[in-house]
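Just follow the structure's listing: the first ligand is 1, and inside any ligand the first atom is 1. In what follows, residues are counted from 1 in the order of the sequence shown.
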Amino acid sequence: MTIAKALTIAGSDSGGGAGIQADLKTFQELGVYGMSALTAATAQNTLGVQGVFPLTPEAVARQLDSIGKDLTPDAVKTGMLFSADIIEAIADRIAHYGWGNLVIDPVMVAKGGASLLKADAVTTLIRDLFPLALIITPNLPEAEMLTGMQLYKAEDIREAARRIHNMGPDMVIMKGGHAGGELARDLLYDGTGFTVFESLRIRTEATHGTGCTYSAAITAGLASGLSAIEAVRVAKDFIQAAIEDSLGIGSGHGPTNHFAYRQRRSQNGGVLN
Ligand SMILES: Nc1ncnc2c1ncn2[C@@H]1O[C@H](COP(=O)(O)OP(=O)(O)OP(=O)(O)O)[C@@H](O)[C@H]1O
Ligand SMILES: Cc1ncc(CO)c(N)n1
């Protein structure tokens, strides 16, 4: 048996809803072998982030070497990277091992407002990591930070996608979780055209870790050999189910339900409706 392998390079969320925990749960649910390289531990729950404890760049690079010398990933995602020197170490190792199918979730700020990326690390992220990426998945505040634009109108969001695409990735997905409206609409730009992925917006507070889970599901799909469009389609269904069937735990912004997609499929004889 050959199994697809995916690697997440991200921070730990002690509460289990976001970060490396969300990524590994998502890989597992989608039938992909999950590996991780930790960038930082956060003391975190559904109420917020109580502490951030980064690893040294060397500790991050050594984890990537352990993986690179033994277990080549079929796809890789990055999440919370925290500092410029950690990003430099990661970009160096990814280029060294020639890992493709790289999905970058440009995590900057947790939902409660805690900083997960130092302000001076944004230029390093763009310069060193974006050119290596297959897909970058900014939410609207991250896209505003990357472009310096204010994103209210649909045409501005498209223009921001073009500008981020010019920073080096093959594709950009502008996530619509932070926009208003009846639909949660994500826009994929591949340098020539736009593909829309949309679902009914769910009225809920339980959206902790949606971005991590979504980009992990895309990464799992790529690792399994899906095209980018197919992988995003599965990821959109995965995150919709995970938000809809919330677990009702924690007293703040609860986590999404990573079991939901697979449970629905098995209830429907393998078909998701
Ligand atoms: N209330 C909602 N109902 C349906 N889909 C949603 C909702 N909120 C977010 N999504 C979807 O979840 C995915 C992640 O988008 P979002 O903009 O929330 O990411 P994010 O802000 O990076 O998340 P986080 O920082 O919590 O990890 C997208 O596919 C988006 O459309
Ligand atoms: C560790 C970690 N990574 C990413 C996010 C963004 O949701 C978070 N809250 N915590």
_Closest protein heavy atom (residue, atom, distance) for atom 27 (O) of ligand 1_ = Gly211 N, 2.9 Å
*Which residue pairs pass the side chain to side chain donor-acceptor pair (under 3.5 Å) test when at least one of the two sits in residues 106-118, sequence neighbours left out?*
Lys111-Thr210
*asked:* Any atom of ligand 1 sitting under 4.0 Å from a heavy atom of Ala18?
replied: no
*Considering only heavy atoms of Thr207, which atoms of ligand 1 have at least one such atom less than 4.0 Å away?*
26 (O)
*Report yes if Glu142 has an N/O atom closer than 3.5 Å to an N/O atom of ligand 1; otherwise report no.*
no
*Are Asp156 and Arg163 close enough for a salt bridge, meaning some N to O gap below 4.0 Å?*
no
*Any side-chain donor near an acceptor of the partner, His258 and Thr213, under 3.5 Å*: yes
*Is there at least one pair of N or O atoms, one from Ile239 and one from ligand 1, spaced under 3.5 Å apart?*
no
*Residue and atom name of the nearest protein heavy atom (relative to atom 21 (O) of ligand 1), distance in Å to one decimal*: His178 NE2, 2.5 Å
When you pair each N or O of ligand 2 with protein N or O atoms, which pairs come out under 3.5 Å?
unit_1	atom_1	unit_2	atom_2	d
ligand 2	9 (N)	Gln44	OE1	2.8
ligand 2	10 (N)	Gln44	NE2	3.2

*Of all the non-hydrogen atoms in the protein, which one sits nearest to atom 25 (O) of ligand 1, and at what distance?*
Lys111 NZ, 4.1 Å
*Is the side chain of Thr137 donor-acceptor paired with the backbone N or O of Ile173 at a distance under 3.5 Å, no angle test?*
no
*May I ask you to decide if Gly191's main-chain N or O and Tyr189's side chain share a donor-acceptor pair within less than 3.5 Å?*
yes
*Ignoring hydrogens and geometry, is there a side-chain-to-backbone donor-acceptor pair from Glu230 to Ala228 under 3.5 Å?*
no
*Are any of the side-chain heavy atoms of Asp186 and Lys236 separated by less than 4.5 Å?*
yes
_Pairs of nitrogen or oxygen atoms closer than 3.5 Å, one from Asp186 and one from ligand 1: do any exist?_
yes
*asked:* Could you tell me, atom by atom, which parts of ligand 1 come under 4.0 Å of a heavy atom of Cys212?
replied: 27 (O)
*Residues Glu182, Arg201: salt bridge by 4.0 Å N-O rule*: no
*Between the candidates Ile243, Thr210, Thr256, Leu140, which shows the shortest non-hydrogen contact distance to atom 10 (N) of ligand 1?*
Ile243
*Count the heavy atoms of every other residue, nucleotide or ligand shown that sit under 6.0 Å from CE of Met145, and state whether that count exceeds 12.*
no
*Looking only at protein heavy atoms, which one is nearest to atom 8 (N) of ligand 1, and how far off is it?*
Gly177 CA, 3.9 Å
*Would a distance-only check, ignoring hydrogens and angles, find a side-chain to backbone donor-acceptor pair under 3.5 Å from Lys5 to Thr72?*
yes
*Smallest separation among heavy atoms of Cys212 and Lys77, with atom names*: O-NZ, 3.3 Å
*Enumerated ligand 1 atoms positioned under 4.0 Å from heavy atoms of Gly209*: 26 (O), 27 (O)
*Is the cationic atom of Arg185 (NZ for Lys, CZ for Arg) positioned less than 6.0 Å from the six-membered ring centroid of Phe197 and within 45 degrees of its normal?*
no
*Among all protein heavy atoms, pick out the one at the shortest distance from atom 22 (O) of ligand 1; state its residue, atom name and that distance to 0.1 Å.*
Lys175 NZ, 2.7 Å
*Mark up the atoms of ligand 1 that fall under 4.0 Å of a heavy atom belonging to Gln240, in ascending order.*
4 (C), 5 (N)
_Could you identify the single nearest non-hydrogen protein atom to atom 5 (N) of ligand 1 and state the distance to 0.1 Å?_
Ala184 CB, 3.4 Å
*Starting from atom 3 (N) of ligand 1, which protein heavy atom do you reach first, and at what distance in Å?*
Ile202 N, 2.9 Å
*Any chance CD of Gln50 has more than 12 other-residue heavy atoms, nucleotides or ligands included, within less than 6.0 Å?*
yes
*asked:* Suppose I only count heavy atoms of Leu200 and a 4.0 Å limit; which atoms of ligand 1 are within that range?
replied: 4 (C)
*asked:* Side chain, backbone, both or neither: which applies to Lys236 and ligand 1 if a contact is any heavy-atom pair less than 4.0 Å apart?
replied: side chain
*Test Thr78 against every option in Thr39, Leu7, Leu102 by the side-chain contact (heavy atoms from CB on, under 4.5 Å) rule and name the one that passes.*
Leu102
_Can you confirm whether the side chains of Glu244 and Gln240 place a donor and an acceptor under 3.5 Å from each other?_
yes
